[in-house]
Protein chains: 2
Amino acid sequence: MVKNSKEAGAEQRILEAAKKVFMHKGLSGARMQDIADEAGINKAMLHYYFRSKDKLFEVIFKEAASNLFPKMVAIISEDISLFDKIRKFTREYLEIVIENPYLPLFVLNEINKQPANFHAKMFGAKPPDFSLLVKQIDSEVKKGIIKPISPVHLVMNMMSMCVFPFISKPMLQIVMHVDDLQFRYLMEQRKTEIANFIIDSIKK
Amino acid sequence: MVKNSKEAGAEQRILEAAKKVFMHKGLSGARMQDIADEAGINKAMLHYYFRSKDKLFEVIFKEAASNLFPKMVAIISEDISLFDKIRKFTREYLEIVIENPYLPLFVLNEINKQPANFHAKMFGAKPPDFSLLVKQIDSEVKKGIIKPISPVHLVMNMMSMCVFPFISKPMLQIVMHVDDLQFRYLMEQRKTEIANFIIDSIKK
DNA sequence: ATCTTTGTTAACCAAATGGTTAAATTTAAT
DNA sequence: ATTAAATTTAACCATTTGGTTAACAAAGAT
């Protein structure tokens with residue numbers, strides 16, 4: 001009855017292995033044999049289930065990106081106050097990235113290597129759109145609730161502080177003398193820290 | 001009399017070509033033939049001047065990193081007020097990255113792929129050390145000049161806001177509807193914008 | 001039970017790729 | 001001018017790598 005492998009079906013095992021290998025080595029750095037080994041199956045199986053390396057990569061990449069963007073857009077589209085939105089966005093985004101620390105670098109890398117294809121392939125008709133948030137910020141500035149600030153800069157700042165520490169973890173660890181445990185703790189703190197930092201800056 | 005190529009010596013041309021190709025495609029994505037073509041010379045020349053692909057890459061990488069880190073350390077080691085230091089760091093760092101927009105992603109990528117080798121290979125005995133800045137921040141907090149904030153978070157925030165926009169440029173352009181010219185202008189603004197944003201947040 | 005479809009494997013293949021070599025060309029030294 | 005050293009090139013080589021094939025095994029259908 002032990003079908004073919006440890007537990008899950010072959011296809012699932014391949015996907016998990018591919019994710020792991022692609023995330024760490026990138027498209028060009030990954031070897032089909034690495035993925036097969038990681039999945040504990042024959043290399044030909046990769047081509048049996050997914051026709052080619054590129055096809056397999058596309059599956060992994062789409063799943064990765066669909067893990068990042070929709071959530072983002074959902075939060076910024078909610079009808080809540082700006083401060084609450086900032087708090088919610090930074091908290092929930094941190095939670096996602098803490099669970100998938102390699103995701104951002106992986107996605108950003110491939111976007112940078114294929115800026116053309118990416119846009120169309122990734123989110124065909126409806127790309128993530130931050131203009132709602134931008135309008136909300138503009139509105140709050142005009143109403144005099146927050147200090148004057150360019151919405152684009154504010155959004156950039158927010159996203160930067162959420163994502164960058166994970167991308168630069170090894171470097172940060174060196175220059176800031178932080179070990180893995182401390183890093184984990186710091187990221188936990190940032191779930192509230194970032195929002196406080198931003199709000200302190202823009203509130204009147 | 002036309003020595004061997006357009007103008008510079010072969011070695012220099014190789015270095016420029018290698019930099020360009022490695023920056024865009026990474027170590028594993030770059031092909032020696034690509035570099036040779038880009039430099040307009042025979043592939044064997046690459047091995048004549050630099051023994052192997054790895055050796056050539058190491059030269060490029062070290063030059064890239066040595067372009068990023070020492071400047072960073074120099075500024076944070078200066079004996080000036082915290083606010084001035086924040087202003088100077090963000091401005092000068094932005095200037096470096098504006099001139100070398102692909103540098104950060106390139107360096108961070110390779111650090112992430114070789115965390116072990118990197119540390120030793122990159123800055124042997126004296127790694128960049130931010131503890132001076134950390135102490136200065138701690139001191140200003142205790143003296144009551146700025147609000148209480150964890151120095152590590154503050155430094156992370158500052159670096160994030162400087163570097164991340166360049167790493168995520170293609171994504172930002174999509175979600176924020178920004179073209180190349182606007183992006184360039186935004187980055188110019190950030191030379192002062194980031195410091196203001198930080199100082200507004202931490203000043204009392 | 002037999003046949004058919006699906007899943008799996010080892011062996012193989014062609015192209016790509018990093019690297020080498022030996023000859024040719026250029027430059028510099030005597 | 002002659003010789004020696006440095007530079008450059010085309011042809012080659014060995015390995016790696018994505019991908020294919022044909023045989024085999026397992027499962028389902030009849």
Side-chain angles (χ1 to χ4, degrees), chain A residues 1-63 106 109-110 113-114 117 121, chain B residues 1-63 106 109-110 113-114 117 121:
Chain A
M1 282 312 100
V2 178
K3 243 182 63 168
N4 49 42
S5 321
K6 284 164 193 166
E7 37 190 331
E11 190 167 349
Q12 189 58 33
R13 309 251 320 286
I14 293 174
L15 284 171
E16 282 163 27
K19 181 177 175 182
K20 188 169 175 182
V21 175
F22 278 135
M23 288 266 185
H24 281 85
K25 306 199 179 182
L27 171 54
S28 59
R31 295 290 99 100
M32 292 298 265
Q33 191 61 58
D34 295 340
I35 297 173
D37 292 346
E38 178 72 34
I41 55 161
N42 190 288
K43 180 166 67 86
M45 293 285 279
L46 304 183
H47 294 94
Y48 180 77
Y49 283 104
F50 311 86
R51 292 177 51 86
S52 67
K53 187 187 184 185
D54 286 324
K55 290 278 203 319
L56 176 56
F57 180 82
E58 203 179 307
V59 173
I60 299 297
F61 181 76
K62 279 190 177 169
E63 200 230 307
F106 172 70
N109 244 314
E110 300 306 327
K113 261 158 207 157
Q114 328 197 344
N117 302 339
K121 186 178 288 179
Chain B
M1 281 314 101
V2 178
K3 243 184 61 171
N4 49 43
S5 322
K6 285 163 193 164
E7 36 191 332
E11 189 168 349
Q12 189 57 32
R13 308 251 321 283
I14 292 174
L15 284 172
E16 282 163 26
K19 181 177 174 181
K20 187 170 177 182
V21 175
F22 278 136
M23 288 267 184
H24 281 85
K25 306 199 178 182
L27 171 55
S28 59
R31 295 291 98 99
M32 292 299 265
Q33 191 62 57
D34 295 341
I35 298 173
D37 292 346
E38 177 73 33
I41 55 161
N42 190 286
K43 181 167 65 88
M45 293 285 279
L46 303 182
H47 294 93
Y48 178 77
Y49 283 103
F50 310 87
R51 292 176 50 86
S52 67
K53 187 187 183 184
D54 285 323
K55 289 279 204 319
L56 176 55
F57 181 82
E58 203 179 308
V59 173
I60 300 296
F61 181 76
K62 279 190 176 168
E63 198 231 307
F106 172 70
N109 244 315
E110 300 307 325
K113 260 156 207 159
Q114 327 196 343
N117 301 340
K121 184 177 290 180

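Naming convention: chains lettered A, B, ... in sequence-line order (proteins, then strands); numbering from 1 in each chain.
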Q: Which one, D:dT8, C:dT9, D:dG18, comes nearest to the side chain of B:Ala10?
A: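 Looking only at side-chain atoms, B:Ala10 lies closest to D:dT8.
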Q: Is the distance between the ring centroids of B:Phe106 and B:Phe22 less than 6.0 Å?
A: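 Judged by ring-centre distance (under 6.0 Å), B:Phe106 and B:Phe22 do not meet the cut-off.
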Q: Give the rounded distance in Å between these two atoms: CG of B:Leu46 and P of C:dG18.
A: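 The distance from CG of B:Leu46 to P of C:dG18 comes to 10 Å, rounded to the nearest Å.
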Q: Rounded to whole angstroms, how far apart are CZ on A:Arg13 and P on C:dT8?
A: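 Going from A:Arg13 (CZ) to C:dT8 (P), I get 10 Å.
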Q: Measure all distances between protein nitrogen or oxygen atoms and nitrogen or oxygen atoms of nucleotides 20-25 of chain C, and list the pairs falling under 3.5 Å.
A:
none

Q: Mind listing the closest non-hydrogen atom pair of B:Met45 and B:Ala10 along with its distance?
A: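 The pair with the smallest heavy-atom distance is CE-CB, 3.9 Å.
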Q: If you take any heavy atom closer than 4.0 Å to DNA chain D, which residues from residues 23-34 of chain A end up in contact?
A: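 Result for residues 23-34 of chain A: A:Ala30, A:Arg31, A:Met32, sorted by number.
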Q: Do B:Leu27 and B:Lys53 have side chains that get closer than 4.5 Å, going by heavy atoms?
A: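 In contact.
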Q: Does B:Lys20 have any side chain to side chain donor-acceptor pair (under 3.5 Å) partners at least two apart in sequence or in another chain, and if so, which?
A: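 Only B:Glu38 meet the side chain to side chain donor-acceptor pair (under 3.5 Å) criterion with B:Lys20.
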Q: Give the nucleotide from the list D:dT8, C:dG19, C:dT9 with an atom nearest to the side chain of B:Ser52.
A: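 Among the listed nucleotides, the one closest to the side chain of B:Ser52 is C:dG19.
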Q: Between P on D:dT16 and CG on B:Asp54, what's the gap in Å once rounded to a whole number?
A: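 Nearest whole value for this atom pair: 14 Å.
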Q: Please examine the side chains of A:Glu58 and A:Phe50, heavy atoms only from C-beta on, and report whether any two atoms are closer than 4.5 Å.
A: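 No, every pair of side-chain atoms sits at 4.5 Å or beyond.
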Q: At less than 4.0 Å, is any side-chain N or O atom of B:Tyr49 found next to OP1 or OP2 of D:dT8? Yes or no.
A: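 For D:dT8, OP1/OP2 do have a side-chain N/O of B:Tyr49 under 4.0 Å.
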Q: Taking atom P of D:dT17 as reference, at what distance in whole Å does atom CG of A:Leu56 sit?
A: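 Whole-Å distance recorded here is 16 Å.
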Q: Going by side chain to side chain contact (heavy atoms under 4.5 Å, CB included), name the residues that satisfy it together with B:Ser52, two or more places apart in sequence or in a different chain.
A: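 Result, side chain to side chain contact (heavy atoms under 4.5 Å, CB included) vs B:Ser52: B:Asp54, B:Lys55.
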Q: In this structure, how many angstroms lie between the C1' atom of D:dA25 and the CE atom of A:Met45, rounded?
A: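 Spelled out: CE on A:Met45 to C1' on D:dA25 is 12 Å.
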Q: Roughly, in whole Å, what's the span from OH in A:Tyr48 to P in D:dA22?
A: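 After rounding, the reported distance stands at 17 Å.
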Q: Would you say that more than 12 heavy atoms from the other residues, nucleotides or ligands in this model lie under 6.0 Å from the NZ of A:Lys19, or not?
A: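 At most 12 heavy atoms, drawn from other residues, nucleotides or ligands, come within 6.0 Å of this atom.
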Q: Please tell me if the side chains of B:His47 and B:Met32 come closer than 4.5 Å, counting only heavy atoms from C-beta onward.
A: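 They are in side-chain contact.
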Q: Could you give the distance from CD (B:Gln12) to CD1 (B:Ile14), rounded to the nearest 0.5 Å?
A: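 Result: 10.0 Å between the selected atoms.
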Q: Residues from residues 14-22 of chain A sitting under 4.0 Å of DNA chain D, heavy atoms only?
A: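 Heavy-atom contacts with DNA chain D come from no residue of residues 14-22 of chain A; none.
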Q: Is there side-chain contact between A:Gln33 and A:Asp37, with heavy atoms separated by less than 4.5 Å?
A: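 They are in contact (side-chain heavy atoms under 4.5 Å apart), so the answer is yes.
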Q: Roughly how many Å is it from CZ in B:Phe57 to P in C:dG18, rounded to a whole number?
A: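 Distance check: B:Phe57 CZ to C:dG18 P gives 13 Å.
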Q: Please state how far atom CD in A:Glu11 lies from atom C1' in C:dT6, giving the value in whole angstrom units.
A: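 The distance from CD of A:Glu11 to C1' of C:dT6 comes to 13 Å, rounded to the nearest Å.
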Q: Going by the rule side chain to side chain donor-acceptor pair (under 3.5 Å), which residues pair with B:Asn42 if we only count those two or more places apart in sequence or in a different chain?
A: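 Side chain to side chain donor-acceptor pair (under 3.5 Å) check on B:Asn42 returns nothing, list empty.
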